[in-house]
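Computation of the quantities below employed the complete heavy-atom set of this structure, encompassing side-chain atoms and omitting hydrogens, waters and symmetry-equivalent molecules.
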Amino acid sequence: MNKDYRTVREIVGPLVFLDEAEGVKYGELVELRTVAGLRHGQVLEVSGSSVLVQLFEGSSGMDRGRSVTRFLGHGLEFGVSRDIVGRVFNGLGTPTDGIPPVLPDKVVDINGNPMNPYSRDYPDEFIQTGVSAIDGLNTLVRGQKLPIFSGSGLPHAELAAQIARQARVLASSEEFAVVFAAMGITFEEADYFISDFRRSGAINQSVLFMNLANDPVIERIATPRFALTAAEYLAFDLGMHVLVILTDMTNYCDALREVSAARKEVPGRRGYPGYLYTDLATIYERAGRIKGKQGSITQIPILTMPEDDKTHPIPDLTGYITEGQIMLSRSLQQAGIYPPIDVLPSLSRLKDKGIGAGKTREDHAGLLNELFAAYARGRDAKELAVVLGESALTETDRVFVKFAEEFERRFVNQGHDEDRSIEETLTIGWSLLSMLPRAELKRVAPAMVAKYMPAEQR
């Protein structure tokens with residue numbers, strides 16, 4: 001039976017210090033009955049019989065002498081069933097859509113269990129996002145974790161919503177679901193996401209977790225774990241393929257830094273805790289496929305790089321754990337390109353495993369390499385023209401500059417609601433290659449040119 005304690009020693013902001021507590025564990029949930037009403041919290045630190053608790057609701061109106069504390073004996077848990085699909089929850093897994101709570105098939109600890117590396121199955125199935133710059137050049141593969149590196153003011157929210165609406169597995173007949181978790185966002189952003197999901201009908205195959213900027217910091221740390229717990233149930237218990245979108249991981253890491261400072265831990269790089277890498281790994285490594293299981297989890301974390309600095313600890317450590325990155329460009333956005341994906345520094349390390357005959361199309365790999373090389377050469381020639389003037393360019397260089405401009409305008413740029421099939425993306429790619437001299441096409445086989453190049457341009 002849980003014991004009540006009346007031993008609150010100090011209350012500082014959302015932190016409560018207690019003495020003479022017995023058998024308390026790190027991460028355990030706490031109830032505090034106060035003159036201001038029932039409060040909830042989580043154990044942040046245990047030192048002998050002294051315990052540090054962080055409150056979810058804050059400590060306003062609490063009286064130290066008249067507070068009664070009860071430790072519940074377990075950490076944060078989430079009740080899961082198929083009925084969570086189509087629902088909207090707050091960051092702690094409580095429904096906020098006005099519909100009665102879900103009747104759970106089971107209750108699961110949100111921290112999950114690490115996936116045994118031996119039991120992992122290799123990602124090798126193409127996921128179509130409907131976004132050419134991803135599908136064509138930085139292909140997302142089922143079971144992969146592929147982050148989007150953005151900057152303040154760039155349209156990562158719009159891109160996240162578009163991917164959530166459009167993503168699908170082409171080569172599979174199994175059910176597909178999206179788990180969308182937003183952390184530290186404004187009310188307007190939350191309203192945008194929920195309205196967009198409902199307008200497009202994507203809500204019917206989605207589970208949304210919304211943590212607002214004014215919600216407790218400790219809730220922000222729990223939000224991605226609630227989302228991944230829901231994803232693991234849908235994937236490995238119900239056999240669904242699940243795409244998990246987490247935005248914004250920078251807000252999550254800032255919350256982790258705030259809690260670390262409250263615990264008076266020794267800070268690491270830029271004030272973030274020394275265990276930031278390990279903590280991020282506990283989130284990112286919950287993606288993948290398991291041998292013998294039908295379902296899978298694919299993850300797209302989105303993070304805003306402070307000051308557009310990709311060497312900042314958050315993108316830097318994320319890059320070590322994940323399998324590539326999609327980079328958004330401020331200069332492309334200023335040029336009116338949406339989505340402003342800069343394909344040159346972007347990378348999907350597993351793209352070769354998810355393309356080709358039977359997955360996308362036989363010409364995909366060669367076309368991808370040719371487009372990438374031609375765009376890189378066009379960008380280099382453009383930069384050279386800025387320094388030396390256009391007169392310094394050869395006729396071939398001018399062709400590649402024109403190619404780079406058309407590539408951004410026709411291939412990268414597309415509408416917010418434009419859902420391109422992989423065939424449409426590849427067709428645009430071949431149309432662009434037709435601008436180049438035939439002698440410059442060194443990465444596509446002549447047989448592929450004869451088969452896929454537009455007939456009037458061969």
Side-chain angles (χ1 to χ4, degrees), residues 123-150 154-172 174-181 193 196-197 200-203 205-206 231 235 240-247 287 289 296-303 322-329 332 337-343 346-356 359-361 364-365 367-368 371-372 410-429:
D124 64 356
E125 277 186 73
F126 169 69
I127 294 178
Q128 180 174 290
T129 66
V131 178
S132 290
I134 297 175
D135 295 347
L137 297 183
N138 297 286
T139 312
L140 178 64
V141 181
R142 179 180 175 190
Q144 184 179 7
K145 38 196 183 290
L146 183 63
I148 294 175
F149 288 4
S150 182
L154 295 180
H156 49 270
E158 291 87 341
L159 181 58
Q162 184 170 3
I163 292 173
R165 288 195 308 269
Q166 298 176 176
R168 59 183 57 85
V169 179
L170 297 185
S172 176
E174 66 198 64
E175 291 183 88
F176 185 86
V178 174
V179 174
F180 187 94
F193 284 126
D196 187 81
F197 274 68
S200 64
I203 189 73
Q205 63 173 23
S206 305
M240 302 171 73
H241 170 61
V242 184
L243 175 64
V244 179
I245 299 176
L246 305 173
T247 182
R289 301 171 64 185
S296 63
I297 298 176
T298 306
Q299 204 177 106
I300 299 182
I302 299 173
L303 56 92
T322 54
E323 291 117 11
Q325 70 278 333
I326 303 295
M327 300 284 293
L328 300 192
S329 162
L332 285 178
I337 303 295
Y338 172 87
I341 295 174
D342 191 346
V343 299
S346 297
L347 171 68
S348 171
R349 294 191 180 97
L350 299 180
K351 64 186 174 188
D352 294 340
K353 308 300 180 184
I355 63 175
K359 295 176 181 177
T360 53
R361 210 168 70 182
H364 193 164
L367 178 63
L368 180 159
L371 287 171
F372 188 91
R410 292 169 52 194
F411 191 92
V412 177
N413 187 50
Q414 64 183 85
H416 288 73
D417 292 306
E418 186 178 355
D419 185 1
R420 292 179 183 167
S421 68
I422 186 61
E423 288 79 13
E424 290 176 290
T425 291
L426 297 177
T427 298
I428 295 170

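Remark: of the listed residues R142, R289, E125, R142 is the sole one forming a side chain to side chain donor-acceptor pair (under 3.5 Å) with S296. Residue E323 is tested with R349, K145, Q299 for a side chain to side chain donor-acceptor pair (under 3.5 Å); the sole match is K145.
Without hydrogens or angle criteria, T298 side chain to L243 main chain gives no donor-acceptor distance under 3.5 Å. A donor-acceptor distance shorter than 3.5 angstrom exists from the side chain of S348 to the backbone of T139, with no hydrogens or angles considered. Panel note: side chain Q128, backbone I422; a donor-acceptor pair is recorded below 3.5 Å. Side-chain atoms of Q325 never come within 3.5 Å of backbone atoms of P147 as a donor-acceptor pair (strictly under, hydrogens ignored). With hydrogens and angles disregarded, no donor-acceptor distance shorter than 3.5 Å links the side chain of N413 to the backbone of I337.
From T322, atom OG1 reaches atom CG of L303 across 8.5 Å, with rounding to the nearest 0.5 Å. Between the CG atom of N138 and the CD1 atom of I326 there is a distance of 4.0 Å, given to the nearest 0.5 Å. Rounding to the nearest 0.5 angstrom, the gap separating the CZ atom in F176 from the CD atom in Q205 is 6.5 Å. Taking CG of L367 as the reference point, atom OG1 of T360 lies at 10.0 Å (rounded to 0.5 Å). Atoms CD1 and NE2, on I302 and H156 in that order, are 7.0 Å from each other to the nearest 0.5 Å. Taking CG from L154 and CG from L332, the interatomic distance works out to 10.0 Å, rounded to the nearest 0.5 Å.
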Quiz item: For F411 and L137, what are the C-alpha separation, side-chain angles and deciding distance, and is it a side-chain contact (heavy atoms from CB on, under 4.5 Å)?
Solution: CA-CA 10 Å; F411 191 92; L137 297 183; 4.1 Å; yes

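In this view, K351 satisfies the salt bridge (Lys or Arg N to Asp or Glu O under 4.0 Å) rule with no residue, not counting sequence neighbours. Listed by chain and residue number, L344 satisfy the side chain to side chain contact (heavy atoms under 4.5 Å, CB included) test with F372 (two or more places apart in sequence, or in another chain). Partners of D342 by salt bridge (Lys or Arg N to Asp or Glu O under 4.0 Å), not counting sequence neighbours, listed by chain and number: R379. When the side chain to side chain contact (heavy atoms under 4.5 Å, CB included) test is applied to Q166, the partners found at least two apart in sequence or on another chain are V131, Q162, D419. When the side chain to side chain contact (heavy atoms under 4.5 Å, CB included) test is applied to A202, the partners found at least two apart in sequence or on another chain are R165, F197, S200, S206. Residues passing the salt bridge (Lys or Arg N to Asp or Glu O under 4.0 Å) test with E418, sequence neighbours excluded: R420.
Looking only at side-chain heavy atoms (C-beta outward), P339 and P155 stay at 4.5 Å or farther from each other. Using a 4.5 Å cut-off on side-chain heavy atoms (C-beta onward), I163 and I148 make contact. Side chains of I341 and L328 form a contact here, defined as non-hydrogen atoms less than 4.5 Å apart.
Closest heavy-atom contact between A231 and V244: CB-CG2, 3.5 Å. Shown here for G136 and L368, the closest heavy-atom pair between the two residues is O-CD1, 3.3 Å. Nearest heavy atoms, P123 versus V141: C-CG1, 3.5 Å. The shortest non-hydrogen separation linking A235 to I297 is CB-CG1, 3.7 Å. Here the closest non-hydrogen pair linking T425 and S132 is OG1-OG, 2.8 Å. Of all heavy-atom pairs spanning T247 and F193, the tightest one is CG2-CZ, 4.4 Å.
Taking the six-membered ring where the residue is Trp, H364 and F126 present perpendicular rings, their angle passing 60° and hence far from 30°.
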